[in-house]
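Naming: A, B, ... by sequence-line order, numbering from 1 per chain. No hydrogens, no waters, no symmetry mates; every other heavy atom, side chains included, goes into these values.
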Amino acid sequence: MPELPEVEAAAGRLRGLAIGHTIVRVQVVHPAIRKRLPAGAQRALTGRQIDRVERRAKIQLLHLDDGSLLEVHFRMTGDWEFTPASAQPPAHSRLRLELSSGVTVHLVDGRALAVVRRHAPGAWVSPPLGPEPLTEAFTVEAFAAALATRRGPIKAVLLDQRVVAGVGNIYAAEALWVARIHPAAVARTLSVARLTRLRDAIREVLEHAPSGRYYAREEAEAVAAWRVYDAEDAPCPRCQTRIRRLVQGARSSYYCPRCQRR
DNA sequence: TGTGCCCTGGTA
DNA sequence: TACCAGGGCACA
């Protein structure tokens with residue numbers, strides 16, 4: 001599942017290949033994409049130049065030369081792939097943007113959960129998002145304020161993009177392990193010391209996260225580096241206790257019952 | 001605040 | 001062949 005570092009890397013690759021080029025053809029290959037990007041929107045994209053690619057949380061915003069925006073969210077399995085226009089499209093190519101440079105940008109998305117929308121000039125309204133975790137705006141004070149009223153388990157609260165933008169299920173589990181906090185700890189009861197540890201842990205795991213697709217072969221090493229995520233019954237790398245799994249808000253949480261305390 | 005839904009490839 | 005994975009949203 002692409003998390004913040006993967007989305008940033010994908011946006012970077014898109015910047016390198018798409019900025020300054022014009023979309024000469026739009027092809028939607030999956031009905032789930034067409035639902036939010038109907039024929040009219042596809043027509044409106046055609047002939048537009050891509051001026052800028054911005055990332056906010058896990059949202060990518062393609063700024064077009066008429067002031068309109070193409071909003072892309074990869075959700076679970078989305079990613080960009082680039083091919084020559086004449087080449088065979090990659091597997092699971094759901095949306096194709098053929099560029100004037102001869103490159104076709106493919107939104108590949110195995111589970112077809114990605115969301116793509118066009119917004120007319122000035123029409124895009126950002127969803128409420130907390131600070132970017134790798135910026136100075138993500139202070140302990142801001143974090144504490146966001147959690148002050150939250151009675152839910154910290155793991156579920158971390159996934160709320162209003163608290164901190166861009167933390168997903170994997171890195172929430174990893175950060176809680178690093179900070180030695182139990183995923184079921186009640187968010188608003190965490191001490192400033194534990195919040196500081198958690199804030200630092202979120203930064204640490206995001207900074208060391210792989211930047212490619214998590215399921216790519218070359219990421220196998222990175223996957224192996226996850227310390228608790230998807231490691232049920234494996235020994236905790238810190239204390240060798242068996243990692244447990246619990247379900248919170250229909251999401252798996254992995255934790256060490258010995259060194260992560262409520 | 002919690003639950004179900006969208007989707008489909010991969011796994012048991 | 002059935003079921004699981006899960007980000008973000010709608011809804012209760």
Side-chain angles (χ1 to χ4, degrees), chain A residues 1-8 10-11 28-38 55-61 71-81 89-95 106-117 119 124-130 132-133 146-176 183-190 202 205-206 209 213-217 219-220 223 226 228-234 243-255:
Chain A
M1 44 262 35
E3 295 219 23
L4 199 59
E6 292 96 319
V7 176
E8 178 56 38
V28 174
V29 199
H30 195 284
I33 298 282
R34 194 171 300 115
K35 207 155 57 180
R36 294 188 179 87
L37 196 70
R55 180 196 59 75
R56 183 77 174 93
K58 288 179 253 182
I59 301 165
Q60 293 174 80
L61 293 172
E71 174 194 1
V72 179
H73 197 301
F74 284 162
R75 296 281 190 102
M76 287 283 294
T77 51
D79 200 2
W80 298 122
E81 279 192 34
H92 315 305
S93 165
R94 310 300 193 194
L95 167 71
H106 298 263
L107 170 61
V108 291
D109 183 18
R111 290 182 192 161
L113 287 170
V115 172
V116 180
R117 293 190 191 92
H119 300 276
W124 186 70
V125 178
S126 171
L129 293 171
E132 290 279 333
L147 297 186
T149 59
R150 305 297 295 260
R151 299 178 209 191
I154 183 63
K155 165 70 185 339
V157 172
L158 280 182
L159 300 182
D160 185 335
Q161 301 295 295
R162 294 170 294 183
V163 172
V164 50
V167 174
N169 200 43
I170 296 172
Y171 298 122
E174 293 292 307
L176 286 167
V186 174
R188 67 173 184 177
T189 65
L190 295 174
I202 290 169
V205 297
L206 288 175
R213 280 156 75 179
Y214 78 102
Y215 42 87
R217 184 186 297 258
E219 298 302 333
V223 170
W226 290 338
V228 284
Y229 181 77
D230 205 22
E232 187 178 14
D233 292 336
I243 297 296
R244 301 264 174 82
R245 171 178 177 269
L246 73 95
V247 176
Q248 296 175 297
R251 305 286 178 265
S252 290
S253 291
Y254 300 89
Y255 68 103

Presence of [X] side-chain N/O under 4.0 Å of [N] phosphate oxygens OP1/OP2:
X	N	value
R150(A)	dT1(B)	yes
Q161(A)	dG7(C)	no
Y171(A)	dG6(C)	no
R245(A)	dA5(C)	yes
H73(A)	dG7(C)	no
H92(A)	dC7(B)	no
R111(A)	dA5(C)	no
S252(A)	dG6(C)	yes
K58(A)	dG8(C)	yes

Nearest whole Å is fine: how far is [N] [atom2] from [X] [atom1]?
X	N	atom1	atom2	result
R56(A)	dG8(C)	CZ	P	13 Å
N169(A)	dA5(C)	CG	P	10 Å
D109(A)	dG10(B)	CG	P	13 Å
Q248(A)	dT1(B)	CD	P	14 Å

Starting the side chain at C-beta, find the nucleotide from dC7(B), dG6(C), dG8(C) nearest to A112(A).
dC7(B)
Distance only, no hydrogens: is a donor on one side chain within 3.5 Å (strictly under) of an acceptor on the other, for T77(A) and R111(A)?
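Their side chains do not contain a donor-acceptor pair, so the 3.5 Å distance test is not met.
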Measuring from R162(A):CZ to L129(A):CG, what's the distance to the nearest 0.5 Å?
10.0 Å
Once you round to the nearest 0.5 Å, how far does CD of Q60(A) lie from NE2 of H73(A)?
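Those atoms lie 9.5 Å apart.
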